[in-house]
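Below: the structure, in structure tokens.
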There are 2 protein chains.
Amino acid sequence: MSRDAIDTAKKESVRTRLLEAALTSIRRKGYSATTVDELCAIAGVTKGGFFHHFKSKEALGVAAADYWSQMTSGLFVNAPYHEPDDPLERVLAYIDFRSALIEGPIAEFTCLVGTMVQEAYDSSDAIRAACEASICGHAATLEADIEAAMDKYGRTEGVSAASLALHTQAVLQGGFILAKARGGPEIAKESAAHLKRYITLLFKH
Amino acid sequence: MSRDAIDTAKKESVRTRLLEAALTSIRRKGYSATTVDELCAIAGVTKGGFFHHFKSKEALGVAAADYWSQMTSGLFVNAPYHEPDDPLERVLAYIDFRSALIEGPIAEFTCLVGTMVQEAYDSSDAIRAACEASICGHAATLEADIEAAMDKYGRTEGVSAASLALHTQAVLQGGFILAKARGGPEIAKESAAHLKRYITLLFKH
DNA sequence: GCCTTAAAACCGACTAGTTGGTATGTTTTC
DNA sequence: GAAAACATACCAACTAGTCGGTTTTAAGGC
């Protein structure tokens, strides 16, 4: 471990603990209901420590969205759904991968930024923008595969790769809402299955 | 106007004003960030008035979800999308109708219960259940038409009318989230278009 | 390796305002 | 004349954020 890496690790440890606490709490209760005091208690830091790392609660919200982007992008980059040679297969494998993640307690598979942007889109443009970047940035990682699938299987009028990529995110986010309303993950998985069927029909038809 | 109707109108007037205020505020800032004081100010009532009608903020949340169900069901029952003779046409017309509603300021076309359940699903089971009833109740109004379309155009294995009806709600809810993140309604409309294309492909294929 | 030094990391008590909720009225309605 | 519909004043707990102080860390001179 290099000098720098150790520095970073130590420097980040409290900050990271606060961010991890934020992810847990915001996913469970939302942004507004999550209090600074609570995060401090979970992370084992005092108020002074919190406001040393984040100049405001809003800044924590933005940082949490960025941290979330980082964590999830790491997860998806290393995921096995990139393996198939066929681009359409890769897109469908992505949906299967997302579907497989929808398991267990609701707060553990739902999306931080989707939850946060619902409350903050009007009150904090900084948080809104961070959530937009997270969602759209992730959607963008799908575009190349969708584009390649269009090259191979043909295009449908009015359907762009970007629009379809964002639609996948809409379906997943909507599935999370229904799962929260229902109190279980099944309905979200079913919506993912509909999405997979849509994409299959779109290309194989 | 009957004696009863006048009574109801007067009796409901303050309560309704509070509920209307709740709809506006919750759709804009979420449930947690909406304060009782604020609702009182908007509705022109004092705290005493509020807690006379609602025994707690949570009770207001439940009442707001119920009020929302009432209002929206009124809107949809009288909507023109029921006119077509063909059941599939009716389903597609429903989506067009929903898409046409997605206009103007975000807080004015997004869904109250979808917003509220994101924050409250874990903290308040009463609110969660009210939101579930609202979403699923509305989805159920689509089932008959979907079922009839299946009778007419054939079924796809693994696709039930109930599941497809809920999927439409998931797509719409997800579209709202993306619209909030993006700061405009267009993306939600595009997702609705994908949904329409999916249903068309599903039945016409 | 040791001492100095300064900055960064963190603590903990404090504040001013806000929160949902209550207790005790007064007015209105039937 | 009593019950329902409000108003008023109040409270204890909690809210984000501040501020002066202490500890920890990293770098440099010797």
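Small disclaimer: the values here were computed from a predicted structure and weren't measured. In what follows, chains carry the letters A, B, and so on, assigned in the order in which the sequence lines appear, proteins first and then strands, with residues in each chain numbered from 1.
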>> Nearest to the side chain of Val36(A), heavy atoms from C-beta on, is which of dT19(C), dA16(D), dC6(D)?
In response: dA16(D)
> Are any of the side-chain heavy atoms of Ile199(B) and Leu88(B) separated by less than 4.5 Å?
Replying inline: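 Yes. Closest side-chain heavy atoms under 4.5 Å.
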> Got a sec: does the CZ of Arg197(B) have more than 12 other heavy atoms crowding it under 6.0 Å?
Replying inline: yes
Using whole Å, report how far [atom1] of [X] lies from [atom2] of [N].
X: Leu39(A); N: dT15(D); atom1: CG; atom2: C1'; answer: 13 Å
X: His53(B); N: dG21(C); atom1: NE2; atom2: P; answer: 16 Å
X: Arg15(B); N: dA5(D); atom1: CZ; atom2: C1'; answer: 14 Å
X: Phe50(A); N: dC10(C); atom1: CZ; atom2: P; answer: 13 Å
X: Leu18(B); N: dG21(C); atom1: CG; atom2: P; answer: 14 Å
X: Asp37(A); N: dA16(D); atom1: CG; atom2: C1'; answer: 8 Å
X: His52(A); N: dT25(D); atom1: NE2; atom2: P; answer: 13 Å
X: Phe51(A); N: dA13(C); atom1: CZ; atom2: P; answer: 17 Å

Mind checking whether [X] and [Y] have parallel, tilted or perpendicular rings, split at 30° and 60°?
X: His167(B); Y: Tyr198(B); value: perpendicular
X: Phe76(B); Y: Tyr94(B); value: tilted
X: Phe176(B); Y: Phe109(B); value: tilted

>> Over the length of the helix from dG1(C)-dC30(D) to dC30(C)-dG1(D), how much do the five-pair end axes diverge, rounded to 10 degrees?
In response: 20°
> For the side chain of Lys47(B) and the base of dA9(D), is some donor closer than 3.5 Å to an acceptor across the two?
Replying inline: no
>> At less than 3.5 Å, do the side-chain atoms of Lys57(B) and the base atoms of dG21(C) form a donor-acceptor pair?
In response: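 Absent.
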> Which part of the nucleic acid, if any, lies within reach of Thr46(A) when heavy atoms closer than 4.0 Å are counted: base, sugar-phosphate only, or nothing?
Replying inline: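 Base, at least one base atom sits under 4.0 Å.
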> Looking for any heavy atom pair under 4.0 Å, which part of the strands does Thr34(A) touch: base, sugar-phosphate only, or nothing?
Replying inline: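 Sugar-phosphate contact only.
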> Does a donor on one side chain sit under 3.5 Å from an acceptor on the other, for Gln118(B) and Tyr31(B)?
Replying inline: no
> Which is it for Val36(A) and Phe51(A) under the side-chain contact (heavy atoms from CB on, under 4.5 Å) test, yes or no, and what are the steps along the way?
Replying inline: CA-CA 9 Å; Val36(A) 173; Phe51(A) 284 101; 3.9 Å; yes
